[in-house]
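Residue indices begin at 1 and follow the sequence shown.
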Amino acid sequence: MPHAALSINVRGIKKSFQAINALDGLTLDFTSGRMHGVIGPEGAGKTTLMRIILKLLKPTEGCVEFKREGNPISFEDIRPDIAYMPQSQSLYPDLSIGEHLDFFRNLYGIPDELYTSRREELLKITRLTEFTSRPAGKLSGGMYKKLGLMCALLRSPKIMLLDEPTNGVDPISRREFWELLYILSDQNILIVVTTAYMDEAERCGHVHLLEKGRLVIEGSPRELLEAEKAKNFDELFLRRGAHD
């Protein structure tokens with residue numbers, strides 16, 4: 001059964017750190033069943049945005065609204081359905097892949113029968129079945145990211161917030177990670193991915209391009225490139241960023 005339609009609405013968010021405006025009046029809409037990419041260089045405000053959505057930071061101005069089937073709901077109501085992958089994951093280097101999954105099963109209180117099927121499904125789609133005994137500290141960068149994603153997915157979230165999940169990962173592992181996200185997107189999960197890699201913008205269903213805490217442009221990647229007559233998002237960002 002498909003998940004109920006969820007949305008996150010960011011309304012006029014401002015966040016200042018002393019004299020620095022990390023976010024400057026940002027308004028965005030994220031909806032279920034679409035891969036949202038928040039794209040921008042370092043200092044664009046991507047991580048600050050994620051932390052405000054998760055109530056880890058309080059905005060200087062503005063608010064974040066959550067809705068289910070168009071009806072407002074509180075963050076407390078939706079919190080159990082949110083999975084978050086921060087930039088720097090805190091996995092345990094001495095625990096194996098299998099031990100990590102067992103740990104998070106216990107943490108989330110997942111019933112045994114559900115855990116068994118979920119574990120097999122996640123190991124299969126991440127192609128990590130034969131590595132379950134390998135410690136996290138001995139995983140490649142790409143495998144480490146996949147393990148973090150599996151731990152976040154164990155409780156079948158309806159919202160995924162991923163902060164630069166492919167940062168520092170080799171090109172092949174980046175491609176494999178995006179393939180995993182496409183599988184999740186097909187399940188009507190609301191996915192928000194932040195990245196500084198402009199080439200990853202074209203992998204998203206809807207792009208929100210940020211610079212210095214402001215929205216530069218947003219829309220579907222193909223439509224944006226065609227409208228701007230740009231070959232890629234590096235060119236589009238340089239053009240629009242310079243104008244804004």
**Student:** Decide ring-ring contact (aromatic ring centres under 6.0 Å, His included) for Tyr115 and Tyr108; before the verdict, give the C-alpha distance in whole Å, the side-chain angles of both, and the deciding distance to 0.1 Å.
**Tutor:** CA-CA 10 Å; Tyr115 170 68; Tyr108 297 145; over 10 Å; no

**Student:** Do the side chains of Leu181 and Leu128 join up, straight or via other hydrophobic residues, at under 4.5 Å, putting them in one cluster?
**Tutor:**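 Per the 4.5 Å side-chain linkage, Leu181 and Leu128 are co-clustered.
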
**Student:** For a quick test of reading the model, state the closest non-hydrogen atom pair linking Ile191 to Leu162 and the distance between them.
**Tutor:** CG2-CD1, 4.4 Å

**Student:** Indicate if Tyr197 and Leu49 have the same hydrophobic cluster label, given that clusters are the connected sets of ILVMFWY residues with side-chain heavy-atom separations under 4.5 angstrom.
**Tutor:**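 No, separate clusters.
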
**Student:** Tell me which one of Arg175, Glu200, Glu176 satisfies side chain to side chain donor-acceptor pair (under 3.5 Å) with Thr166.
**Tutor:**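 Result for side chain to side chain donor-acceptor pair (under 3.5 Å) with Thr166: Glu200.
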
**Student:** Going by heavy atoms in the side chains, are Val38 and Leu210 under 4.5 Å from each other?
**Tutor:** yes

**Student:** Inspect the contact between Glu120 and Lys124 and indicate whether a charged nitrogen and a carboxylate oxygen are less than 4.0 angstrom apart.
**Tutor:**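 Salt bridge absent between Lys124 and Glu120.
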
**Student:** Whether the side chain of Arg119 engages the backbone of Gly98 through a donor-acceptor N/O pair (distance < 3.5 Å, no angle test) should be reported.
**Tutor:**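 Checked: no pair found.
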
**Student:** Pick out which of Arg34, Met160, Met35 makes a side chain to side chain contact (heavy atoms under 4.5 Å, CB included) with Ile189.
**Tutor:** Met160

**Student:** To check you understand the geometry: which heavy-atom pair defines the closest contact between His100 and Ala136, and what is its length?
**Tutor:**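 Answer, listing the atom of His100 first, then Ala136: CE1-CB, 3.6 Å.
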
**Student:** Less than 4.5 Å apart, side chain to side chain, heavy atoms only: is that true for Phe233 and Asp199?
**Tutor:**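 No; the side chains remain at least 4.5 Å from each other.
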
**Student:** For Gln87, is there any backbone N or O sitting under 3.5 Å from a side-chain donor or acceptor partner on Glu164?
**Tutor:**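 It does not hold such a pair.
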
**Student:** Please determine which of Arg11, Lys67, His206 meets the side chain to side chain donor-acceptor pair (under 3.5 Å) test together with Asp29.
**Tutor:**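 Between Asp29 and the candidates, side chain to side chain donor-acceptor pair (under 3.5 Å) is satisfied uniquely by Arg11.
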
**Student:** Are Phe131 and Leu91 joined in one hydrophobic group, where the rule is that I, L, V, M, F, W and Y side chains link up if heavy atoms are under 4.5 Å apart?
**Tutor:**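 Same cluster.
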
**Student:** Please determine whether the number of non-hydrogen atoms from other residues, nucleotides or ligands lying under 6.0 Å from atom CD of Glu65 exceeds 12.
**Tutor:** yes

**Student:** For Glu76, I'd like to know if atom CD has over 12 heavy atoms of other residues, nucleotides or ligands within 6.0 Å.
**Tutor:**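 Count over threshold, so yes.
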
**Student:** Using atom types as modelled and distance alone, determine if a side-chain donor or acceptor of Ser96 lies under 3.5 Å from a backbone N or O of Thr132.
**Tutor:** yes

**Student:** Is Thr126 reaching over with its side chain to a backbone N or O of Leu122, donor-acceptor style, under 3.5 angstrom?
**Tutor:**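 Side chain of Thr126 to backbone of Leu122, a donor-acceptor pair under 3.5 Å: yes, one is there.
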
**Student:** Please determine whether a side-chain nitrogen of the Lys or Arg among Arg51 and Asp163 lies less than 4.0 Å from a carboxylate oxygen of the Asp or Glu.
**Tutor:** no

**Student:** Do you know which of Arg214, Lys15, Lys212 makes salt bridge (Lys or Arg N to Asp or Glu O under 4.0 Å) with Asp24?
**Tutor:**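 Exactly one candidate clears the test, Arg214.
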
**Student:** Quick one: do Lys138 and Asp94 make a salt bridge, cutoff under 4.0 Å?
**Tutor:** no

**Student:** Return yes if some donor-acceptor pair links the side-chain N/O of Tyr84 with the main-chain N/O of Ala152 below 3.5 Å, else return no.
**Tutor:**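 No; zero donor-acceptor contacts below 3.5 Å.
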
**Student:** Look at the aromatic rings of His36 and His208 and report parallel, tilted or perpendicular, splitting at 30° and 60°.
**Tutor:**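 The arrangement is parallel - the two ring planes meet at less than 30°.
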
**Student:** Taking 4.0 angstrom as the limit, do Asp81 and Arg68 come out as a salt bridge?
**Tutor:** yes

**Student:** With distance as the sole test, does Ser32 use its side chain to make a donor-acceptor pair with the main-chain N or O of Leu6 at under 3.5 Å?
**Tutor:**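 At least one qualifying donor-acceptor pair exists.
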
**Student:** Are any side-chain N or O atoms of Thr194 and backbone N or O atoms of Lys46, one a donor and one an acceptor, separated by less than 3.5 Å?
**Tutor:** no

**Student:** Is it true that a side-chain atom of Asp170 and a backbone atom of Ile172 form a donor plus acceptor pair closer than 3.5 Å?
**Tutor:** yes

